[in-house]
Amino acid sequence: MRSFTDFITSNAHHAFIVAHRGAWHNAPENSLAAIAHAIEHGYDIAEIDVQCSQDGILFLYHDDTMTRMTTQHEDPQTLCWHELQRIHLRARNGGTSQPLTDQRIVSLEEVLMIAKGKIFLDLDIKYPSLYAPTITMVHRCGMSEQVDIKMKIRHTQDIEKLLALREEADLMVMPQMDLATAPLMLLTNFHSPMIEVKFDTLQAVHTQAPLFRDKGIALWVNTLDEVGCPPYTDHYALQDPDGVWGVLYRAGVRIFQTDEPETLQAYTRHTDFIQNL
C-alpha cells in the first residue's frame with residue numbers, strides 16, 4: 001500500500017471519501033465492524049476518535065459520556081480497560097432507540113492492525129495529552145504512513161505548534177482552518193498534502209482553492225450535518241448529490257468527510273460526476 005502522502009498527491013482529480021467514525025450505517029460507529037465495512041466498500045479513509053482509559057489504554061469513542069452509544073452513563077476515561085471492553089455498543093450512531101449489538105469498545109491498537117495495508121485512518125485525538133501516546137502506538141504498529149493526525153489553526157502562533165507536532169510525530173499532520181479567519185501565511189510556512197477547511201461562502205473556496213492547488217494541497221471539507229457548512233451538508237446531498245458534493249468538487253474540494261459514504265461513492269461513479277473530472 002502506498003503512503004498516505006503519495007496517495008493524496010498522486011491523485012489530483014480523485015474525489016476522496018472519508019467515512020466519518022467508520023461506515024456505521026450497518027455497524028456501531030467507531031467499532032471494528034464499522035472499520036471493516038469501510039474497507040469492504042473501498043472507501044479511501046476512515047475517521048476515528050481516540051480516547052484513553054484510566055489505566056492508559058487508547059480506545060475508540062467519541063463522546064464525553066457513555067450515554068449515547070451504550071447503556072452506561074460514566075465518563076469513558078474514568079473506566080479501566082477491562083471495564084470498557086465488556087461494554088456493548090448500540091447500533092449505528094446510537095441513541096436509546098438503537099439496540100445493543102455484539103460490537104464492543106475497541107482499542108486503537110486493534111483498529112490500527114485491522115486497517116494495516118487496507119485503508120487510511122484519520123485520527124481525531126480528543127485531548128492534546130493523548131498526542132504523544134497515540135503517535136507512539138502508530139509507530140509501534142508500523143502505521144506511520146497510513147494515518148494522519150490533525151490540529152486546529154486559529155492564530156499565527158498555532159503554526160509553530162503545528163510544525164513542532166509534525167517534527168515530533170514523524171507522520172502526516174493535517175491543519176484545520178477556517179478560510180474566513182485563519183492566517184493564510186500557513187500556505188508559506190507549512191506544507192501538508194491536505195488541509196481541512198471551513199467556509200462561510202462558496203466564493204471563499206473558489207478564491208482560495210487555486211492557492212492550495214498550486215501548493216499541491218488537497219482541500220478537505222466536512223459535509224456532516226452537525227459541523228458542515230450549510231447548505232453543503234449530507235442532509236441536502238441525499239436529495240441532490242450534485243448540488244452539494246458536485247458543487248464543492250467543481251469549486252476545488254477533493255476530500256469529503258461524510259456520514260453518507262455509500263451515497264457519495266455512488267455519485268462519484270455516476271456519469272454526471274465523471275463528466276466533470
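- Using a 3.5 Å distance cut-off with no hydrogens or angles, the side chains of Asp55 and Ser53 do pair a donor with an acceptor.
- Partners of Phe4 according to the ring-ring contact (aromatic ring centres under 6.0 Å, His included) rule, which considers only residues two or more places apart in sequence or in another chain, are Phe120.
- In this structure, Arg254 satisfies the cation-pi test against Tyr249, with its NZ or CZ atom closer than 6.0 Å to the six-membered ring centre and inside 45 degrees of the ring normal.
- Remark: His41 pairs with Tyr43 by the ring-ring contact (aromatic ring centres under 6.0 Å, His included) rule, at least two apart or across chains.
- Crowding of Glu262 atom CD: a count of heavy atoms from other residues, nucleotides or ligands under 6.0 Å not exceeding 12.
- When only modelled atom types and interatomic distance are considered, Asp75 and Thr65 share no side-chain donor-acceptor pair under 3.5 Å.
- Looking at residues two or more places apart in sequence or on another chain, you find a side chain to side chain donor-acceptor pair (under 3.5 Å) between Glu74 and Gln72.
- Checking Trp245 against Thr223 by side-chain atom types alone, a donor-acceptor pair falls below 3.5 Å.
- Side-chain contact, Glu110 with Ser107: a donor N or O sits under 3.5 Å from an acceptor N or O.
- Taking CG of Asn30 as the start and NE2 of His62 as the end, the distance is 8.0 Å to the nearest 0.5 Å.
- Just one of Gln103, Arg92, Arg21 meets the side chain to side chain donor-acceptor pair (under 3.5 Å) condition when paired with Glu29; it is Arg21.
- At distances below 3.5 Å, at least one donor-acceptor pair connects side-chain atoms of Asn11 with backbone N or O atoms of Phe7.
- Neither side chain, Asn26 nor Trp24, offers a donor N or O lying under 3.5 Å from an acceptor on the other.
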